[in-house]
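The structure under discussion appears below in the form of structure tokens.
Note that the structure is a prediction, hence the values are computed from the model and not measured.
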2 protein chains.
Amino acid sequence: MTPDLNIDKLDLQIIQQLIHDAGLSYAEMGKKLFVSAGTIHVRIKKLQDAGIIQGQRFQVDLKKLGYDVIAFIGIYLEKSSLYDTVARDLKKIPEIVRMNYTTGNYSIFAEIVCKDIGQLRTVLHDELQKIKGIERTETFISLEESLNRSVSITS
Amino acid sequence: MTPDLNIDKLDLQIIQQLIHDAGLSYAEMGKKLFVSAGTIHVRIKKLQDAGIIQGQRFQVDLKKLGYDVIAFIGIYLEKSSLYDTVARDLKKIPEIVRMNYTTGNYSIFAEIVCKDIGQLRTVLHDELQKIKGIERTETFISLEESLNRSVSITS
DNA sequence: ATTGAAAGAGTCTCAGT
DNA sequence: ACTGAGACTCTTTCAAT
């Protein structure tokens with residue numbers, strides 16, 4: 001399925017750079033990695049075509065935009081077979097930004113971003129309670145985000 | 001502290017675009033929002049200077065690079081006053097990509113990205129156990145990531 | 001596969017409105 | 001505060017190695 005590519009050391013160095021800061025020009029990155037801008041260009045195109053690199057997004061300071069509340073929600077399902085329908089319903093809530101099907105206590109682990117506690121309460125109390133198949137939820141409000149980085153690509 | 005800026009509707013539309021896809025040129029974005037490329041440029045510069053927009057990162061398909069395991073770790077501390085020192089030690093583990101100080105059951109909520117279960121086991125068993133102040137941990141391995149998007153900026 | 005150079009496209013600045 | 005045009009920089013292509 002995935003085109004079989006030889007990812008060499010240079011590719012990994014480029015990925016490592018792009019994950020952490022996609023702001024450099026090809027010329028600058030080439031200088032850093034001791035190759036020409038053209039080579040960087042060819043490699044990045046290869047990585048994009050292979051779907052390894054997907055697209056760039058700006059990081060935004062959500063607090064400065066008034067989005068003050070990040071919370072994590074552990075969701076217990078009545079039956080785990082309900083995962084697909086519950087997941088589909090959860091996706092419709094715009095405040096929910098991430099969802100993982102997990103082992104352990106909870107069936108679904110979700111992350112939610114809100115403007116304030118009032119909005120969080122509305123989502124938890126009104127939106128989530130409407131969804132069939134959710135047994136109960138546990139909420140962990142983030143008081144401080146002390147780390148948010150990309151994984152370090154080494155080999 | 002934060003420079004007091006009038007963030008108008010156009011700014012929000014630009015932010016909304018950049019959060020979800022930073023790949024468009026100023027000219028293309030201008031066409032979409034019915035202003036000139038120069039205006040987009042000025043606005044983005046203003047948002048960057050204010051620290052609202054911070055930098056772009058490429059999204060990477062970690063699975064294709066062999067990073068197959070995402071897990072969430074709930075960490076119980078012996079005393080919550082130990083948060084700072086434990087957080088400092090956790091940051092030194094490169095596999096840990098995110099850390100939040102939270103209300104509820106756990107004191108610290110962390111996210112970890114590994115190549116395989118063996119590496120996860122190593123981090124949990126060797127690295128985490130070395131850190132003073134951690135009482136115990138609970139691990140939730142992600143079997144499927146069904147959603148990972150940016151928050152929708154509306155007003 | 002990498003390079004260097006030329007062509008094309010994008011960013012950035014600024015005078016005018 | 002927005003625009004359009006010019007200067008500048010970056011991306012993209014390509015012939016040569």
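- Put simply, chain A comes within 4.0 Å of DNA chain D, heavy atom to any atom, from dC10(D) to dT13(D), going 5' to 3'.
- Looking only at distances, a side-chain donor or acceptor of Q119(A) sits under 3.5 Å from a matching main-chain atom of K115(A).
- The distance from atom CD1 of I7(A) to atom C1' of dA1(C) is 15 Å, rounded to the nearest whole Å.
- Where the helix from dA1(C)-dT17(D) to dT17(C)-dA1(D) starts and where it ends, the local axes point in directions that differ by 20°; five pairs per end, rounded to 10°.
- In this pair, F109(B) and F140(A) present their aromatic rings parallel. The plane angle is below 30°, not in the 30 to 60° band.
- In terms of modelled atom types and a separation under 3.5 Å, the side chain of K32(B) and the main chain of Q17(B) share no donor-acceptor contact.
- Listed for the S142(A) side chain is no donor-acceptor partner under 3.5 Å among the backbone atoms of I70(A).
- The nearest whole Å value for the distance from the CG atom in D49(B) to the P atom in dC12(C) is 12 Å.
- The side chain of R43(A) places an N or O atom within less than 4.0 Å of a non-bridging phosphate oxygen (OP1 or OP2) of dT2(C).
- No side-chain donor-acceptor contact under 3.5 Å links T122(B) to the backbone of D126(B).
- In this structure, the side chain of D11(A) engages the main chain of D8(A) through a donor-acceptor pair within 3.5 Å.
- Within the nucleic acid shown, V35(B) comes within 4.0 Å of sugar-phosphate atoms alone, with no base atom in reach, counting heavy atoms only.
- Counting non-hydrogen atoms of neighbouring residues, nucleotides and ligands closer than 6.0 angstrom, the NZ atom of K92(A) exceeds 12 such neighbours.
- In this structure, N105(A) CG and T139(B) OG1 are separated by 11.0 Å, a value rounded to the nearest 0.5 Å.
- In this structure, CZ in F58(B) is found 5.0 Å from CD in Q48(A), a value given to the nearest 0.5 Å.
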Check nucleotides 7-11 of chain C against the protein and report each pair of N or O atoms closer than 3.5 Å, with its distance, or say if there are none.
unit_1: dT11(C); atom_1: OP2; unit_2: Y26(B); atom_2: N; d: 3.1

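- Using a 4.0 Å cut-off, no side-chain N or O of S36(A) falls inside it from OP1 or OP2 of dT2(C).
- The line from CD1 of I141(A) to CD1 of I73(A) is 9.5 Å long, rounded to the nearest 0.5 Å.
- Side-chain atoms of Q16(A) come within 3.5 Å of backbone atoms of I153(A) as a donor-acceptor pair (strictly under, hydrogens ignored).
- The CG-C1' distance, from N6(A) to dA1(C), rounds to 12 Å in whole Å.
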